[in-house]
Amino acid sequence: MTPKIDLGLYQAKYTLRALLRKIPGINQLSPNWLSCSTLIPGLATAYCLYKGWWIGAIIAIALRMLLSTLDGLVAEEFNKTSPLGAYLNRLPGEITDLLIILGLFPHSQLTWIIALIILTSWVQTFGLLGLTAGSKTQSVGPCGQTDRLAIIGISCIVAAFGFPVWQYVIPGMCIGCGLTIGLRIFRSIRDINTQTA
């Protein structure tokens, strides 16, 4: 199946999957264990951000994104999907996303951190809300989970050179989350109307 090109980095996982398929013995891996293992780099990312260890945060972010992509690849392509797997696929990400934002607390105003926590939770909620009406999960938008990790990773590179990047990036992510929420609501309503037409 050819993935639909859409706004946001989420669809880029299909390019990475093409490379990961070449890993020997990949079919022997457990997607549930891969899902749970993303907690480790997620927690490491939050801690490195809090401490201002930018290079460590970049490495941890890259590892988390790699494991998350590998998790979905193994589950879908080797017929290892399950209801528990679907739950575990999201659980570590939801936990560590909150901790990663909290890890930015020393580098931004508390107001912006609280706003970002609220908005990212709404991004996730409105991405899933369409399921209640028989629609599909929405991953569209410039500030979904994958996009936020990429933005934070790039910002860490800039911060490593001593630039005060976070005072601009965190408000920017709040704006991006607002756009993402609007897009996900719009797409969900459009898909629901298409199904009932």
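Predicted, not measured: the structure shown is a model, and the values here were computed from it.
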For this session: Might you point out which heavy atoms bring Ala44 and Ala60 nearest each other, and give the distance in Å?
Result: CB-CB, 4.0 Å
For this session: Side-chain contact test, heavy atoms from C-beta onward, threshold under 4.5 Å: evaluate it for Ile192 versus Ser135 and give yes or no.
Result: yes
Exercise. Hey, which of Asp71, Leu70, Thr81, Leu84 is the one that makes side-chain contact (heavy atoms from CB on, under 4.5 Å) with Pro31?
Worked result: Asp71
Seminar exercise, completed: Asn27 meets the side-chain contact (heavy atoms from CB on, under 4.5 Å) criterion, sequence neighbours left out, with Phe78
Exercise. For Thr96 and Arg64, does a side-chain donor sit closer than 3.5 Å to a side-chain acceptor?
Worked result: yes
Exercise. Is any side-chain heavy atom of Ser188 less than 4.5 Å from a side-chain heavy atom of Phe126?
Worked result: no
Exercise. Can you tell if the side chain of Arg148 reaches within under 4.5 Å of the side chain of Cys177, non-hydrogen atoms only?
Worked result: yes
For this session: Kindly indicate, with the supporting measurements, whether the criterion side-chain contact (heavy atoms from CB on, under 4.5 Å) is fulfilled by Asp97 and Ile101.
Result: CA-CA 6 Å; Asp97 269 6; Ile101 295 172; 5.5 Å; no
Exercise. So how far is it from Met173 CE to Ser108 OG, rounded to the nearest 0.5 Å?
Worked result: 8.5 Å
Problem set entry | Tyr50 reachable from Ile157 in the ILVMFWY side-chain graph, under 4.5 Å edges | no
For this session: Hey, could you give me the CG/CG distance between Leu43 and Leu99, rounded to the nearest 0.5 Å?
Result: 6.0 Å
For this session: With sequence neighbours excluded, tell me which residues meet side-chain contact (heavy atoms from CB on, under 4.5 Å) with Ala159.
Result: Trp54, Val165, Trp166
Exercise. Are Leu128 and Arg90 side-chain neighbours, meaning at least one heavy-atom pair lies under 4.5 Å?
Worked result: yes
Exercise. Can you hop from Leu102 to Leu91 via hydrophobic side chains spaced under 4.5 Å?
Worked result: yes
Exercise. How many angstroms lie between CZ in Phe186 and CG in Asp191, if you round to the nearest 0.5 Å?
Worked result: 9.5 Å
Seminar exercise, completed: All heavy atoms of Val169 vs all of Ser155, minimum pair found to be CG2-OG, 3.2 Å
Seminar exercise, completed: Output for pair (Thr45 OG1, Leu63 CG), nearest 0.5 Å, gives 8.5 Å
Exercise. What's the spacing between Ile152 CD1 and Leu49 CG if we round to 0.5 Å?
Worked result: 6.5 Å
Exercise. Is it the case that more than 12 heavy atoms not belonging to Gln109 sit under 6.0 Å from its CD atom?
Worked result: no
Exercise. Do Ile170 and Leu179 share a hydrophobic cluster, counting only Ile, Leu, Val, Met, Phe, Trp and Tyr and linking them when any side-chain heavy atoms are less than 4.5 Å apart?
Worked result: no
Table please: side-chain donor-acceptor pairs of residues 118-125 below 3.5 Å, with sequence neighbours left out.
{"unit_1": "Thr120", "atom_1": "OG1", "unit_2": "Leu116", "atom_2": "O", "d": "2.9"}
{"unit_1": "Thr120", "atom_1": "OG1", "unit_2": "Ile117", "atom_2": "O", "d": "3.0"}
{"unit_1": "Ser121", "atom_1": "OG", "unit_2": "Ile118", "atom_2": "O", "d": "2.6"}
{"unit_1": "Gln124", "atom_1": "NE2", "unit_2": "Glu94", "atom_2": "OE2", "d": "2.8"}
{"unit_1": "Thr125", "atom_1": "OG1", "unit_2": "Ser121", "atom_2": "O", "d": "2.9"}

For this session: Determine the minimum heavy-atom distance between Pro41 and Leu67, stating which atoms define it.
Result: CG-CD1, 4.0 Å
Problem set entry | Ile185 atom CD1, over 12 foreign heavy atoms within 6.0 Å | yes
Exercise. Between Leu88 and Ser82, is any pair of side-chain heavy atoms under 4.5 Å apart?
Worked result: no
For this session: Answer yes or no: is there a donor N or O on one side and an acceptor on the other, between the side chain of Thr180 and the main chain of Cys143, under 3.5 Å?
Result: yes
Exercise. Side-chain contact, heavy-atom cut-off 4.5 Å: Leu129 with Arg184?
Worked result: no
Exercise. Should Val140 and Leu131 be counted in the same cluster of Ile, Leu, Val, Met, Phe, Trp and Tyr side chains packed under 4.5 Å apart?
Worked result: no
For this session: Would you give the length of the straight line joining atom OG1 of Thr146 to atom CD1 of Ile151, rounded to the nearest 0.5 angstrom?
Result: 11.0 Å
Exercise. Is Ile61 reachable from Leu16 through a run of hydrophobic residues whose side-chain heavy atoms are each under 4.5 Å from the next?
Worked result: no
Exercise. Less than 4.5 Å apart, any side-chain heavy atom of Ile100 and any of Leu149?
Worked result: yes
For this session: Spell out, as yes or no, whether a donor-acceptor pair under 3.5 Å connects the side chain of Lys80 to the backbone of Leu29.
Result: yes
Exercise. Does Ser37 use its side chain to pair, donor to acceptor, with the backbone of Leu34 at less than 3.5 Å?
Worked result: yes
Exercise. Are any side-chain N or O atoms of Asn89 and backbone N or O atoms of Ala86, one a donor and one an acceptor, separated by less than 3.5 Å?
Worked result: no
